[in-house]
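Residue numbering restarts at 1 for every chain, and letters A, B, ... go by the order of the sequence lines. Any value given below was found using the heavy atoms of this structure, including those in side chains, with hydrogens, waters and symmetry copies removed.
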Protein chains: 2
Amino acid sequence: MGGPRFEPVRTVRAYERIVEQIEEAVEGGALPPGARLPSERDLMAQFGVSRSTVREALRVLQARGLVRSRPGDPNGAEVLPFSPAALHKSMTTLARVDELSLGELVQFRMVLDASANLLAARLRTEAELAEMDAAIGRMREAVETGYDAFSAADVAFHDAVARASRNKLIQICTDVVRSIVLGLIAGKIAGSDDREALMRQSIRHHEEVLAAVRAGDGPLAARLSRRTMYDYYVGYVPAGERAALRALLE
Amino acid sequence: MGGPRFEPVRTVRAYERIVEQIEEAVEGGALPPGARLPSERDLMAQFGVSRSTVREALRVLQARGLVRSRPGDPNGAEVLPFSPAALHKSMTTLARVDELSLGELVQFRMVLDASANLLAARLRTEAELAEMDAAIGRMREAVETGYDAFSAADVAFHDAVARASRNKLIQICTDVVRSIVLGLIAGKIAGSDDREALMRQSIRHHEEVLAAVRAGDGPLAARLSRRTMYDYYVGYVPAGERAALRALLE
DNA sequence: GTAGCCTACTGGTCAGACCAGTGCACTAGC
DNA sequence: GCTAGTGCACTGGTCTGACCAGTAGGCTAC
């Protein structure tokens with residue numbers, strides 16, 4: 001107390017400094033998506049390090065989804081537009097290390113989707129309503145076509161709702177969590193033989209949700225969307241976790 | 001149509017194969033947290049590649065938060081318990097690159113916090129209620145102590161609620177988004193001179209939320225928590241984005 | 001028995017090399 | 001003149017071999 005405040009020194013690796021600098025340039029807009037980094041040999045000269053060090057930095061940046069490099073490309077690494085791939089990757093890891101249960105994921109989807117519907121009911125345009133309507137139409141056709149087409153149309157509906165919420169974070173998280181959930185239950189889907197009944201019920205539910213969104217009744221749309229998702233996924237969720245899902249159905 | 005189905009070959013880099021293998025071992029539980037990887041020179045022999053290739057793979061794994069290596073450690077890289085650090089990093093990048101607006105972030109916090117409260121109202125234990133109570137107590141004391149202590153106590157309250165929701169995804173996302181929001185408004189806080197009034201109002205609001213959680217009234221707790229966060233942050237949000245926030249207040 | 005040194009490792013970095021692939025300028029043929 | 005084809009210069013991916021600073025643990029001297 002009172003003396004000079006020392007803080008522990010952290011030895012910072014050379015490649016980390018390079019990552020920081022390039023990251024800052026990308027996030028600050030100095031390197032917009034589509035821009036090219038200098039070649040590794042140029043970077044090596046600019047940063048005054050060896051090529052291995054430059055490459056380790058580039059590997060980190062690539063793992064974070066900021067750049068991509070192709071062998072032989074005379075232009076150097078390309079700065080990528082942001083994609084949720086890295087987000088997706090780390091969330092998938094989280095789910096695979098078994099820290100996340102299917103119940104938690106479905107619950108999170110219910111939360112996100114309900115919020116998206118709540119916002120969409122207030123902010124949606126006519127074009128977006130038409131898009132949702134079209135998606136439900138494709139769901140109807142897909143009852144005969146098969147599960148894959150049905151699932152794709154279902155995804156399209158929820159995507160349209162998420163976009164109508166005007167919140168990019170909701171859109172991205174919805175997308176990421178959904179694909180993880182679908183991946184987890186992918187094997188189990190073929191097993192259920194009352195699949196057609198489930199699809200028909202789901203279509204009915206989606207129609208009700210859409211009606212609420214169209215009417216501008218956010219709370220109703222949110223409540224219905226939670227119910228829709230619950231009914232659709234509850235069969236895959238272990239019995240012990242279902243109570244937590246029902247807690248969202250008020 | 002009808003001929004043999006060829007799929008495009010993707011040249012896969014050597015280091016990617018290494019990443020895959022180690023990643024699989026970690027996620028599959030063969031390498032539990034705390035376990036040590038062989039040394040780089042051993043890995044180089046096991047995978048039949050050069051050390052640079054091994055190192056690039058380790059850099060990627062490190063960027064994903066799966067392992068950590070210390071120079072001089074005779075035991076090789078350490079397998080880490082999962083931490084949301086990577087998730088945090090990619091979401092922060094998203095906020096910075098994709099220009100997530102403060103409004104969107106606050107809106108997302110409102111959604112998460114409301115859901116956490118909804119669930120907590122049903123699932124909370126007495127111990128968790130006591131924890132929330134203690135946090136509010138520290139907020140009261142901090143009105144005099146200063147903003148930092150107040151903010152820390154506020155964080156503790158919301159963390160306790162998130163934990164009580166029993167949903168790790170909600171906890172992690174809450175944590176990540178909150179730290180981004182706090183980072184964005186960090187500079188602006190000192191400016192407001194009616195800070196004390198804002199703190200006192202916030203304490204009152206938190207007390208109401210806690211009462212609802214204690215009473216088991218989830219919908220009420222959710223509604224109040226949205227209002228609490230709205231009132232606390234609306235001053236930092238550009239006027240044009242406030243309408244979207246109000247859309248959540250039903 | 002313990003304090004301190006020594007050694008055999010570790011990861012971080014460097015230098016220099018080779019290879020397969022790419023884009024572009026140049027050239028041969030029309 | 002224009003196009004098709006060919007080199008060439010350069011890229012990233014990988015390898016080899018080396019040096020350094022740091023660490024842990026055994027060994028030695030007290």
Starting at atom [atom1] of [X], determine the distance to atom [atom2] of [N], rounded to an integer number of angstrom.
X	N	atom1	atom2	answer
B/E16	D/dT14	CD	C1'	14 Å
A/D73	D/dT11	CG	P	10 Å
B/M44	D/dT14	CE	P	15 Å
A/R68	D/dG13	CZ	C1'	17 Å
A/E78	D/dT11	CD	P	17 Å
B/I18	D/dC15	CD1	C1'	13 Å
B/L43	C/dG12	CG	P	13 Å
B/E40	D/dA18	CD	P	18 Å

Do the charged groups of [X] and [Y] touch, with an N to O distance under 4.0 Å?
X	Y	answer
A/R96	B/E24	no
A/E128	A/R163	no
B/R64	B/E23	yes

Touch check for B/R59, heavy atoms < 4.0 angstrom, all strands: base, sugar-phosphate only, or nothing? sugar-phosphate
For DNA chain D, what residues of residues 47-58 of chain A have any heavy atom nearer than 4.0 Å? A/R51, A/R55
Working to the nearest 0.5 Å, report the span between NE2 of A/H88 and CD1 of A/I180. 5.0 Å
Quick one: which of C/dT10, D/dG13, C/dG12 gets closest to the side chain of B/R13? D/dG13
Give the nucleotide from the list D/dT11, C/dG23, C/dG12 with an atom nearest to the side chain of A/R41. D/dT11
Under 4.0 Å: is that the gap between some side-chain N or O of B/R70 and OP1 or OP2 of C/dG11? no
Starting from the C-alpha separation in whole Å, work towards a yes-or-no answer on salt bridge (Lys or Arg N to Asp or Glu O under 4.0 Å) for A/R178 and A/D113. CA-CA 10 Å; A/R178 174 179 51 223; A/D113 198 59; over 6 Å; no
Using heavy-atom distances to pick each residue's nearest nucleotide on DNA chain C, tell me which of A/Y15 and A/P74 is more 5'. A/Y15
